[in-house]
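Have a look at the structure below before the remarks.
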Amino acid sequence: MEPDRVLKERLSASDFDKLAAVENEEVHRFIARYIALCDPASVFVATDSDEDISYVRRKAVEHGEESELALQGHTVHYDGYHDQARDKKNTRFLLPEGMSLGADINAVERKKGLSEMHEILTGIMSGHELFIRFFCLGPLNSEFSIPCVQLTDSAYVAHSEDLLYRKAYGLFKGMSKNEEFFRFVHSEGRLENSVSVDIEKRRIYIDLEGNTVYSTNTQYGGNTIGLKKLAMRLAIQKSSPEGWLTEHMFVMGVNGPNRRSYFSGAFPSLCGKTSTSMVEGETIVGDDIAYLRKKNGKVYGVNVEKGIFGIIQGVNQKDDALIWRALHSEGEIIFSNVLSVDDGGVYWIGKDDAPPERGINHCGEWTAGRRDAEGNEIDISHKNARFTLDMRLLSNRDPAMEDPEGVVISGMIYGGRDSDTWVPVEESFSWEHGIVTKGASLESETTAATLGQEGVRKFNPMSNLDFLSITVGRYIENNLEFGKGLSHPPKIFSVNYFLKDKSGNWLNEREDKRVWLKWMELRTHDDAGALRSPTGYIPLFEDLKRLFSDVLKKTYTEEDYVSQFTVRIPENLQKTERIIRIYRNDVADTPPVVIELLKEQKNRLAALRDARGEYISPFFL
Ligand code: SPV
Ligand code: MN
């Protein structure tokens, strides 16, 4: 059927007019097609007006997807008990017959996948209201901007996007007729008690050819919020031939002596990424996704988003003062999968207040000690429980956040959950060395941010493996290329907040990251010395002693330094061998330099071991 006929038939006159003001006909065709297929009971087109935005917010509460809490603007949302994290198994790329992105990347033949998806989508929104939203990835009016259209029958998803992305109905109105845009179709499917129930038909299908992502029978944000991890896959495909990067990175400002330097940082989920970008005394540009482009020999970065969908577990007044303050003030915040109690308060694992004995959480009615169907005791909140807010609620929001130019990146940080190998902070020898031995060698012990077993060491290059829409080899090659010809390449660092001693005790406090940031800031200006280890440059004891005292008012002892910065040669050798094996056996298109640099690193480690032994104190480097 003609798109215009569908839209005239199914939309109210005022909603039709809102769409008619957008001239790009492809927008009309796309929307009409999925209205016809998904068959919603009604359709709402949201412009950028306050009235439309509050309509969406109101519907989230009226439809029962969110409930109001005691503090003004706060609501709580629940996802189904088995819908609490990204579903990697059912997330697939739709690829032409015979094409593969490699063993680590899930895919299905495009025609087959599309027909399965279209079957699931048929009539899926019956009885539901469909929300149509226009947003922009990256700041508005910028080289980085990517326009997007989201269709969703979840007011919670549409509301979350309001907090997380820049509104762009105005941008679409002024857009030329055939400009490209990203498309997202989401349906939560059949609901019981306001949660998706047809979980066996949960699918996230990414159609690279059509720049479209489909998501069905799920509500969890990582599976449903189109502009978040779903758009990342489309953006990686787009940026690859265009010579820029889409990274799973925060962007933050670190204050140095009379200056501010910007860092980007990639960490797998639940490894301290948001809490790093939110440390006291520094500024935040973004906590999750960055686009990076080269200009004038420098790297510029922007936050793709304007809000935070952050992990709430462990947020307490001492370690996360800035987040804690925002979560305890009035303002629009969606809490998800936490415990809520009668007086409208919320609780989570690791909150400082004494936990109540009962309330409502991700399992429904909860009392302390309750077990699930598998016999596991249910925590007070889910480990992947989150908060969603617009960064305007944060006092540490960097003033350059909306700058269409982006900020100049001086340093890039890679970190994972590693109990026994990497030192707490280390600088690489060069861009190539950093990309290969830090970013491309990133591993992390698994967490609750994805479904499946926790605590297993997993290869996760640049913490971006879950989102790659190109082969791993190509992606590493793009990163290597990106650094070439830069007059001011960012320095590349690794951090490890999770190092333990032989008896399993943590070797660092959570706040120590504030010192590592200051040290890295000094290094990007050559204002601190370093020791050369086989794997990179590590801090001098004197500098750390001074920084611990200045930043944290703490005494840093020689014993602390030795236990944290001892080079652990056997573990590093094993790791290097493990990574070489992965790039040799599992990645078909590994750039040769990856293996060369890893072998050089292995040789340096082995030479030091032969000369000096297996565990080398930094004082003996
Ligand atoms: C992550 O898991 O990396 C997140 C949350 O940032 S999600 O939206 O699930 O990706
Ligand atoms: Mn993330």
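Both ligands and their constituent atoms are indexed starting at 1 by order of listing.
- The N, O or S atom of Asp288 lying closest to the Mn ion (ligand 2) is OD1.
- The atoms of ligand 1 that sit less than 4.0 Å from any heavy atom of Lys228 are 8 (O).
- The distance from atom CZ of Arg386 to atom CD of Gln84, rounded to the nearest 0.5 Å, is 11.0 Å.
- Salt-bridge annotation for Arg133 and Glu161: absent, with no side-chain N of the basic residue lying under 4.0 Å from a carboxylate O of the acidic one.
- Ion pairing of Lys273 with Asp287 is absent here, as no side-chain N (NZ or NE/NH1/NH2) approaches a carboxylate O to less than 4.0 Å.
- Atom CD1 in Ile289 sits 8.0 Å away from atom CG in Leu137 (nearest 0.5 Å).
- Of all atoms in ligand 1, numbered sequentially from 1 with element shown, those under 4.0 Å from a heavy atom of Gly222 are 7 (S), 8 (O), 9 (O).
- Backbone or side-chain N, O or S atoms of Ile289 do not reach the Mn ion (ligand 2) at under 2.8 Å.
- Near Tyr220, with a cut-off below 4.0 Å to any heavy atom, the atoms of ligand 1 are 5 (C), 7 (S), 9 (O).
- Screening Arg325, Lys318, Lys513 for a salt bridge (Lys or Arg N to Asp or Glu O under 4.0 Å) with Glu280, the sole residue that qualifies is Arg325.
- Ligand 1 places these atoms under 4.0 Å from at least one heavy atom of Asp288: 6 (O).
- A side-chain N or O of Thr218 and one of Asp83 form a donor-acceptor pair less than 3.5 Å apart.
- Of all atoms in ligand 1, listed by their number and element, those nearer than 4.0 Å to a heavy atom of Ser269 are 1 (C), 2 (O), 3 (O).
- Residue His248 places a heavy atom less than 4.0 Å from ligand 1.
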